[in-house]
Amino acid sequence: MRLLPAAGLGLATALVLLQLLQAIVPTAMAYAVGVLVSTLTAGQPPLGPVTLVVALLLAGQVGWLLLEAVQTYTARRVDGVIRARVRSVAAGLPGLDVLESAAFQDRAARAVDPGMGVARERSAGNAVTGQVTLVFRMVSAVAAATLLATFSPPLALALLVVSLGVRAVLRRQWMAIIDRLDADTAGQRYEYYVSTQAVMGAAKDVRLFGLSDFFGGRFRAAAVRTYGPVWRSLLGVLRRQWWIGAVVTLAAAAALGFPAAAVLRGDLEPGGLITVVLAGVGVLSISQMGMEAYDIEYGLRGLDAADELAAMSPRASRPAPAKAARHAPEVRFTDVVFTYPGGDRPILDGLTLTLRAGETVAVVGENGAGKTTLVKLLAGLYAPDSGTITVDGAGPRVRRPPVTVLFQDFVRYPASVRDNVTAAVPPPHDDAAVREALARAGASGLPEDLSASLWPEGTDGTDLSGGQWQRVALARALYAAGRGRRLLVLDEPTANLDVRAEAAFHEQVVAGARDTTTVLISHRLGTVRAAHRIILLRDGRVAEDGTHEELLAHGGDYARFFTTQAAAFHGGER
Ligand SMILES: Nc1ncnc2c1ncn2[C@@H]1O[C@H](COP(=O)(O)OP(=O)(O)OP(=O)(O)O)[C@@H](O)[C@H]1O
């Protein structure tokens, strides 16, 4: 309920007033119908009571329609606030370590996931509107009991106690199912949903290798594992419903029987009978649990998860944003040791390295040597266990370095060509510079119009080839470098390029990056040979360091890799 004001004062007031109307109408109707019947039996003109009954009917129906709309709008607004809160917690984390932890991902999934679809949506907004509904259902029951008390206070009290008691028992029984749903972890949910997404993503494989049974089987197994315990709980609850039915039947019999006996004794008019019976029904209606109980219980778990997420934010303050650098920066790694959270061995183990201002340094090494990890630390996405990293003297966790990175798994934004190129730097943007970056990146065959959408899944988007996407991502890095992010990291930038394009790469991209310190990671040694220096990583530290010629003369791993690649290439040429 504390989140209700987040929906806005107008909506919150409208919600409360409409709920109040819904709470009052049934009792008012019981009274009005009783008066109408009394008027008719007395042979008096019924215009006044008929008008009242019709007015109440209309008010109830119109109010109900408005309430549905206001409730939905309120709930979605509150959900928006929760989503914004989760986004802000995630964006406020200085690095990736907490973000990638299972605990964070599980809570984030609980806080914003759309629910399991069995009972209800998991929505904090629905929980808030459900709480308001519950309060006014109670008000409605108490109003009906007050009217019933004009006939018999003990009957009114007994019906109220039985209704509330039955409701409490039902609630406890059915909410055990919510516990089952909530025991499901983010991982299971992920598997459940991803299995359908994977079928879309793997459409080529599914057709080529006939994988429908593979995906179908996984989907079914995940669904049974997730929902099996829920279905068993549901059956158990249904089996225990007989005695609840018996208690409610007895209460209903009393609600009808006592007024009927009073009519037979001549103590109650037919009009009074109608009023009393309708009031009794109004009291008993609270015994039905209503969907708001699910909304409250399930939605509040999402809210709890959002609160837990906020508590997981580290005390450390966020690094200050990167400032546009006027000159190429200098980077120093000193005795850096780093192990991934949950990892059992350091990936970097005493790494010491200086990247001098304006230099192009190629980093090579076997798969898993730690090249990409080095870049993630340089960008401040992870903090070293020990040792220091500084960019022009400042640690990346104090101030974000003026870095721009073309990662191997670069992002394909579902946006225009212009937005894909300019995404890494704030506006204003310059179309001439965008076109220059695309030209330097060698991007050809793109839509001429920079506003054209590159959204392969959209109805009007254009899809690009893997190489074209990589060039667009490269153009993004080059554009950002030109706008003051003068530490340029290119991780496997030629992976999707053909041989001719790879040969032109150094001249167009690296040599053209003026006043920029460049880190170039590549397995294709043809790409790295023109770098000012080449670093070979082994066992988490720098094993070889020198120019291409120096390392060939040294005769170590680099020389062996180069000779092997060159031999394979020339062998292939013959
Ligand atoms: N997020 C992560 N959590 C745990 N371990 C990771 C994570 N990312 C990478 N690793 C591990 O760290 C090691 C180094 O990975 P990294 O990606 O830095 O290697 P690389 O030298 O870039 O490899 P490649 O040449 O294959 O791209 C690998 O053993 C990898 O399994």
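Numbers here are sequence positions counted from 1. Just follow the structure's listing: the first ligand is 1, and inside any ligand the first atom is 1. Computation of the quantities below employed the complete heavy-atom set of this structure, encompassing side-chain atoms and omitting hydrogens, waters and symmetry-equivalent molecules.
Taking both residues in full, the closest heavy atoms of Ala477 and Leu406 are given as CB-CB, 4.4 Å, listed atom of the first, atom of the second, then distance.
Between Lys371 and Glu366, no side-chain nitrogen of the basic residue sits less than 4.0 Å from a carboxylate oxygen of the acidic one, so the salt-bridge criterion is not met.
Here the heavy atom of the protein found nearest to atom 11 (C) of ligand 1 is Tyr340 CE1, 3.8 Å. Nearest non-hydrogen protein atom to atom 15 (O) of ligand 1 is Thr373 OG1, 3.7 Å. Nearest protein neighbour of atom 13 (C) of ligand 1, counting heavy atoms only, is Ile347 CD1, 3.5 Å. Nearest protein neighbour of atom 22 (O) of ligand 1, counting heavy atoms only, is Thr372 OG1, 2.8 Å. For atom 29 (O) of ligand 1, the closest non-hydrogen atom on the protein side is Arg345 NH2, 3.0 Å. For atom 14 (C) of ligand 1, the closest non-hydrogen atom of the protein is Gly368 O, 3.4 Å.
Between Glu492 and ligand 1 there is no heavy-atom distance shorter than 4.0 Å. Ligand 1 does not have Gly365 within reach: every non-hydrogen atom of the residue lies 4.0 Å or more from it. Note on ligand 1: Gly343 sits outside its first shell, no heavy atom being nearer than 4.0 Å.
Using the six-membered ring where Trp is involved, Tyr340 and Tyr382 have ring planes that are perpendicular, over 60° apart on the 30 and 60° scheme.
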